[in-house]
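Side chains are part of it too, since the values below use all heavy atoms of this structure and drop only hydrogens, waters and symmetry mates. In this text, all values refer to a predicted model and were calculated from it rather than measured experimentally.
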Amino acid sequence: MTSSNEKGEAEKNITDAPISTKKHSFLIIFFKVAASSLLVFGGFSSFLIESISNSSIFHRRLTDVSIDSVPTYMKSLFDDLKKRRELMEETPPDEVKYWFEYAGPLQKYFYRFSKSRGKADYFEGRDDSGVTSARFMDDPLGNKEYQNFFLKSNVPEEDLSQYARLLENCLAMGSPIRPSTQKGTPWNSWFGKKEKPSAASLGRCRVLFTINTVGAGRGTVMLWETDPPAVHAQGPHPWMSEQETAASHLERTLKEIDAMCATGQIAARVQVLVCEPIPGKWTEWMDAQLVHCGGKPAPIDVRYTEGIKVEERPSPIQVVVVASTLSADTCHDLKSGFMEKRMQDLIIAPPFLVDGKVKTKNPAVKTTHPDLVSSDDYDLYVAMKWSSMVTGRAIYGFLQASADLTAAAVSSRNKNAPGLEKAADGVSLVLNDSPSSPFLIPSFVRVSYVSEENSKVAKWRMHGDFFHPAAWEICKDSYDMTWIEDSLSGSGGINGLCQSAEGSTTGQKLVNADDCGQWWVYMAEEQMPPTPEVYANEVTSPLVRGGSNYIWMLTERQRQEIVKLKMCEHERKDSLNTCGKEPQAVIPLGNLESFLINYTPNTALGKKHVTNRRPGYSREEQREHDREMVRERKQLKGQEDIEKALFDYTVYPAALFHKDATIKASRARDKALTKMKDEDAFGPQTVKSSYYDVTITKPREAILGWCQAIARNGLCVLYSDFFRTSVDKRCMEACGMKKNWTKIIK
């Protein structure tokens, strides 16, 4: 039980009734925020960032970057290439090892705690997947390259174009309404400098993080009934199993969000959704994790085991109770889809939520209760479950991918395209602003490491010396590949690189190539988690077809398009086909690993899917046929465990996902370009993947491994100025920007 002081005087609540401003009562737990300052982004004016609109660096075009004059932030990358070459050249041929092309330190993977020995058991190996893991990466923002890039204090003038990319893309697709920066406003007190604040210092990407906390606990006890972790504890933290408490995951997420605010480019608000009121000490603890976002540091002598009197002040944290006493049990039910629906309603906020009537046609106007921080104007929305690990790298990748798709849609060459299929290869796609054009939104897939519940499964999942995080909600049959013309955006917000001015050096690398654009993973099936989440998805389907209900993002521009679609469907229930295309999930191949989100408890693998509700359901009959053929041929006789692992469980390693997607794309182009196909030939005949279409008897040459590591670590996008517009074409294929792959020389 919590005291009245802990709950705070401003405690409110959201009932089962639609979220509205009239006719229904709402109680919102919003600690620390006085009535006069509830809306941190309230009172928005039409203030525009003068330093952004007038500064030349935000519209600077990269003219030429030769291999000999690389940007300063890429020096270490080329040093790595030099070391890779030296390793290959100086090692005697008989001593060359297959793992030479991989990089990264040897890591320990702790998978269970032995009480008898008082220490944790672990495997040792390398994670070469490029996926950001909470286990292996304590540093925030994604990986060391992203951290060094965003937290750099002194940026050379010639590199400003790349450093401004996140903010440019965010503002270009965000809300045009900017917050008031006057003295005395929460925005000024949080992000203004001690000296006279400038527009540049206050110009940030406004991001709302909405966190679904259903199921968060410590063992069988609800998380909020335990004490928060100590903030100023001395000495190393004792090792604790990921499954023991959700507090470590929540702490990791909040520290990541705080690091985003520390970059000076992001202003974050966090909306924590709960089913019942929670003690004030948890709100104070969460606020203390977001110091760079406006939170107040915890006092040295703070003790969260005692009652905490909550201060009334503007806070980056808002705790929202989304259920009443009557619906609390339904809210806690992981199969109900209750919290997933509430999260969608809070972010999308369509105007018919009030009483079923559309009172405004303006999709920018939200009709949710004004005390909800989600009712304010934002540039980017991030919805996630507490078990998903969001990173600065994922946000950067999402914004760039969204800008790339928008650049394709507004391309002048695509507006006059005769149809969606530009070529007869079945994979080339042209986007434009017509109603028949697909509505594509970058989406995410969750991945996990081994299950701690079974050490045998853990050993199966460690391939040689390498750890491979794997997906369990998709498989090889869940997606197709598509090449989207003109889907490359440069500096200055939405700025298509495929239509550079005649005579400009910037676009020569792309325009003079076979085609200009990039490869995308097109999610052809819905993601299929195991129980109980699969049932929640059936009640509340993801907003984006093929997307996830447990980690998704939207820009303000995308949110408004979805609101238009929802309003049309609400008004034309008998003719939904006239409302346009539903949002479709895609992932850029050249930045695939940035869209693979670590499921931090790492217990998802090894769980059996519900019958007829598993990835690859569109080819279920073919799968059963293959299983029968294996049994008839007795290929797995006496190996029932292997047969079950192959057919009953879905474990799709990230590295295999990248390989399968690449092979699918290259085979599609090979089929289209092969004029006289040799039916007896095996493998590609005209074009191939230079990295995957090889026989592995020794390491690939240094440049191939180097480019692959760049792609897996999300550097094709982080250093997009170089990889998209410089004269260096060596990593075009690895970055997913080479339509016709590598020609086979016969």
* Can you say whether the rings of F398 and F444 are parallel (under 30°), tilted (30 to 60°) or perpendicular (over 60°)? -> parallel

* **Heavy-atom closest pair, residues T330 and S336** => O-OG, 2.8 Å

* Where the side chain of R269 meets the backbone of S315, is there a donor-acceptor pair that is under 3.5 Å apart? -> yes

* To do: Could you tell me whether K144 atom NZ has more than 12 heavy atoms of other residues or ligands within 6.0 Å of it?
  => no

* To do: Nearest 0.5 Å please: distance from the CG atom of N549 over to the CE atom of M343.
  => 6.5 Å

* Asked: If we ignore angles and hydrogens, is there a donor and acceptor under 3.5 Å between the side chains of S548 and E473?
  -> no

* NE2/H332 to CE/M222 distance, rounded to the nearest 0.5 angstrom? -> 4.0 Å

* Just how far is it from atom CD of Q558 to atom OG1 of T555, taken to the nearest 0.5 Å? -> 3.5 Å

* Asked: Is there a donor-acceptor contact under 3.5 Å linking the side chains of Q289 and D258?
  -> no

* To do: Report yes if the side chains of D333 and F338 come closer than 4.5 Å at any heavy-atom pair, otherwise no.
  => no

* To do: Determine whether V390 and M553 make a side-chain contact, defined as any pair of heavy atoms from C-beta on separated by less than 4.5 Å.
  => yes

* Asked: What distance separates S375 OG from K366 NZ, expressed to the nearest 0.5 Å?
  -> 6.5 Å

* Shortest non-hydrogen separation from Q527 to G547 and the atoms involved -> NE2-C, 3.5 Å

* To do: With sequence neighbours excluded, tell me which residues meet side chain to side chain contact (heavy atoms under 4.5 Å, CB included) with Q265.
  => F150, L166, L167, T263

* To do: Return the orientation label for the F149 and Y163 ring planes: parallel under 30°, perpendicular over 60°, tilted otherwise.
  => parallel

* Give, for atom OG1 of T325 and atom CD of E276, the distance between the pair rounded to the nearest 0.5 Å. => 9.5 Å

* **Main-chain N/O of V365 paired with T367 side-chain donor or acceptor, under 3.5 Å** => no

* Partner set under side chain to side chain contact (heavy atoms under 4.5 Å, CB included) for A536, not counting sequence neighbours -> E340, Y550

* **K281/E284 under salt bridge (Lys or Arg N to Asp or Glu O under 4.0 Å): CA gap, chis, key distance, verdict** => CA-CA 5 Å; K281 59 185 177 182; E284 285 289 324; over 6 Å; no

* **SG on C331 to CE on M339, rounded to 0.5 Å** => 4.0 Å

* Structure fact -> Closest non-hydrogen contact found for P229 with A247 is CG-CB, 3.9 Å

* Structure fact -> Minimal heavy-atom distance between I348 and V563, with the atoms involved, is O-CG2, 3.4 Å

* Asked: Where is the tightest heavy-atom contact between C261 and H292, given as atom of each residue plus distance?
  -> CB-O, 3.4 Å

* Asked: Are side-chain heavy atoms of P140 and K255 found at a separation under 4.5 Å?
  -> no

* Residues D379, R178: salt bridge by 4.0 Å N-O rule -> yes

* List the atom of V321, the atom of C275, and the distance in Å for their closest heavy-atom pair. => CG1-O, 3.5 Å

